[in-house]
Chemist: 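Please find one structure pasted underneath; my questions will follow.
As the structure lists them, so they are numbered: ligands from 1, and atoms in each ligand from 1.
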Amino acid sequence: MLKIMAVNAGSSSLKFKLFMMPGEEVITEGIVERIGWDDAYYTIVVNGDKIKEVLPIKNHSVAVRRLLDDLISRGILSDLSEINGVGHRIVQGGSYFPDSVLIDEDVVQKIDELAELAPLHNPAHLTGIKAFLEALPDVPNVAVFDTSFHQTMDEETYMYALPYEWFTKYKIRKYGAHGTSHKYVAMKAAQIVGRPLEELKIVTCHLGNGASIAAVKGGKCIDTSMGLTPLEGIPMGTRSGNIDPAVVGVISEAENLTAAEVVDILNKKSGYLGVSGVSNDSRDLEAGMAKGNRRCKLALDIQSKRIADYIGSYFIQLEGIDIIVFTAGIGENSSRCRRDVLNRLKVLGVEVDEEANNKQRQIVEITTKNSKVRAFVIPTNEELMIARDTVRIARLCEK
Ligand code: ADP
């Protein structure tokens with residue numbers, strides 16, 4: 001039996017999930033929030049109960065120390081040496097990492113270098129890595145990149161039609177995101193339909209506050225909607241998704257803003273929030289639409305149209321689709337979103353099973369027996385993929 005900690009460190013937070021492998025049971029999970037504050041939140045789930053404490057947590061090292069001490073004092077572990085491996089979610093792996101990797105100095109240096117492409121995420125992940133390396137120096141740490149799954153895209157797909165030197169000098173290309181989630185649900189879909197992943201053409205729709213879609217052929221990603229950054233692709237809670245890039249110049253002139261300020265608005269004040277003026281949260285938009293709010297409806301129509309447009313384009317690229325998967329907050333919970341998207345795909349022979357689609361929070365097939373494309377809701381589990389990769393990459397099974 002192995003105990004593996006899956007970690008997702010943000011700039012002021014640290015999410016953790018401790019797994020027993022290979023059985024994949026969750027031993028405990030939780031989150032430290034407001035790291036750097038005197039009133040930080042430490043939340044841990046013990047025997048199904050959520051325990052929350054407010055306490056000062058100066059930095060990520062203190063957060064990790066506190067977590068490890070707590071695991072001992074609550075009797076979840078009798079000794080820290082019981083932790084066999086730690087897996088870290090890393091947003092940007094650039095072109096360096098087509099797979100997860102054991103963390104050493106060179107890997108740390110490359111994650112640091114790639115901070116220029118993910119300034120909010122990679123530095124935060126490094127603080128998490130350093131804190132665990134400090135607290136558990138003898139335990140293997142594995143980096144699991146959101147970008148790895150998308151490294152199989154062809155050059156014609158990942159290159160932008162821009163001056164070529166921008167690629168050689170600044171690494172400007174499409175990298176994608178949410179790769180761990182896309183890979184997990186694609187694998188799960190193959191398992192559910194009982195066919196080898198190698199034979200299947202799958203479109204995975206990760207629709208959370210951040211959202212991306214991937215085309216998966218034979219288990220390999222051939223295209224995805226996010227780009228150099230998570231701003232590209234379908235509109236999201238607060239992100240615009242694809243727009244005419246000339247908007248940046250027009251608005252910076254009109255509103256006397258720098259390009260960086262306009263891009264900040266494209267990231268934080270656009271998307272469903274920008275269109276509706278009400279909220280970034282699809283639940284609020286659905287409530288608004290039910291009350292007759294026109295802009296809430298418009299935001300949701302834009303949402304389902306753009307998602308369906310991507311699936312249509314991936315139908316061409318994949319030369320057919322066997323399975324469409326919906327996952328993450330909106331994909332798992334909004335029957336309205338799924339129905340609206342699938343109804344726009346009738347031309348592909350998609351037929352929604354209304355009753356199944358109205359079921360919530362479980363793996364469910366939401367198309368009829370006659371549907372030419374099968375669609376499923378599959379809850380994502382990025383932490384489990386991180387734990388699995390930690391076992392595989394650190395070769396823990398062989399030890
Ligand atoms: P992220 O990890 O990107 O923050 P999640 O995958 O947790 O996002 O998804 C969060 C989003 O899911 C929320 O912003 C909300 O819009 C959406 N969501 C959750 N439940 C529902 C629901 N019942 N109906 C519609 N949208 C929902």
Chemist: Based purely on interatomic distance, does Gly329 place a nitrogen or oxygen under 3.5 Å from a nitrogen or oxygen of ligand 1?
Modeler: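 The answer is yes, given that Gly329 and ligand 1 share an N or O pair closer than 3.5 Å.
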Chemist: Output the distance between atom CE (Met5) and atom CZ (Phe132), rounded to the nearest 0.5 Å.
Modeler: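 Going from CE on Met5 over to CZ on Phe132, the span is 5.0 Å.
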Chemist: Quick check: Ala328 and ligand 1, any N/O pair under 3.5 Å apart?
Modeler: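 No, since none of the N or O atoms of Ala328 sits under 3.5 Å from an N or O of ligand 1.
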Chemist: Which of these passes side chain to side chain contact (heavy atoms under 4.5 Å, CB included) with Thr327: His182, Glu332, His178?
Modeler: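 Going through His182, Glu332, His178 one by one, the side chain to side chain contact (heavy atoms under 4.5 Å, CB included) with Thr327 is satisfied by Glu332 alone.
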Chemist: Minimum heavy-atom separation for His125 to Val91, with atom names?
Modeler: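 Scanning both residues completely, I find the closest heavy atoms to be NE2-N, 3.0 Å.
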Chemist: Suppose I only count heavy atoms of Ser282 and a 4.0 Å limit; which atoms of ligand 1 are within that range?
Modeler: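 Listed by number with element, the hits are 16 (O), 25 (C), 26 (N).
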Chemist: Any idea which atoms of ligand 1 are less than 4.0 Å away from a heavy-atom of Gly210?
Modeler: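 Per the distance check, 3 (O).
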Chemist: If the contact criterion is a heavy-atom separation under 4.0 Å, does Gly237 count as touching ligand 1?
Modeler: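 In this structure, Gly237 fails to qualify as a contact of ligand 1 - no heavy atom is under 4.0 Å.
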Chemist: Salt bridge or not for Arg195 and Glu199, using N-O below 4.0 Å?
Modeler: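 Looking at Glu199 together with Arg195, the answer is yes, because their closest N to O distance falls below 4.0 Å.
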Chemist: List the atom of Gly10, the atom of Ala124, and the distance in Å for their closest heavy-atom pair.
Modeler: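 Heavy-atom minimum between the residues: C-CB, 3.3 Å.
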Chemist: Considering the heavy atoms of Asn333, write down every atom of ligand 1 situated less than 4.0 Å from one of them.
Modeler: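 The atoms of ligand 1 under 4.0 Å from a heavy atom of Asn333 are 19 (C), 20 (N), 21 (C), 22 (C), 23 (N).
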Chemist: Check this for me - ligand 1, His206, N or O atoms closer than 3.5 angstrom, yes or no?
Modeler: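 No.
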Chemist: Could you tell me whether Lys217 and Asp223 have a side-chain N and a carboxylate O separated by less than 4.0 Å?
Modeler: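 No, this pair does not count.
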Chemist: Could you tell me, atom by atom, which parts of ligand 1 come under 4.0 Å of a heavy atom of Asp281?
Modeler: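 Heavy-atom distances to Asp281 below 4.0 Å select 15 (C), 16 (O).
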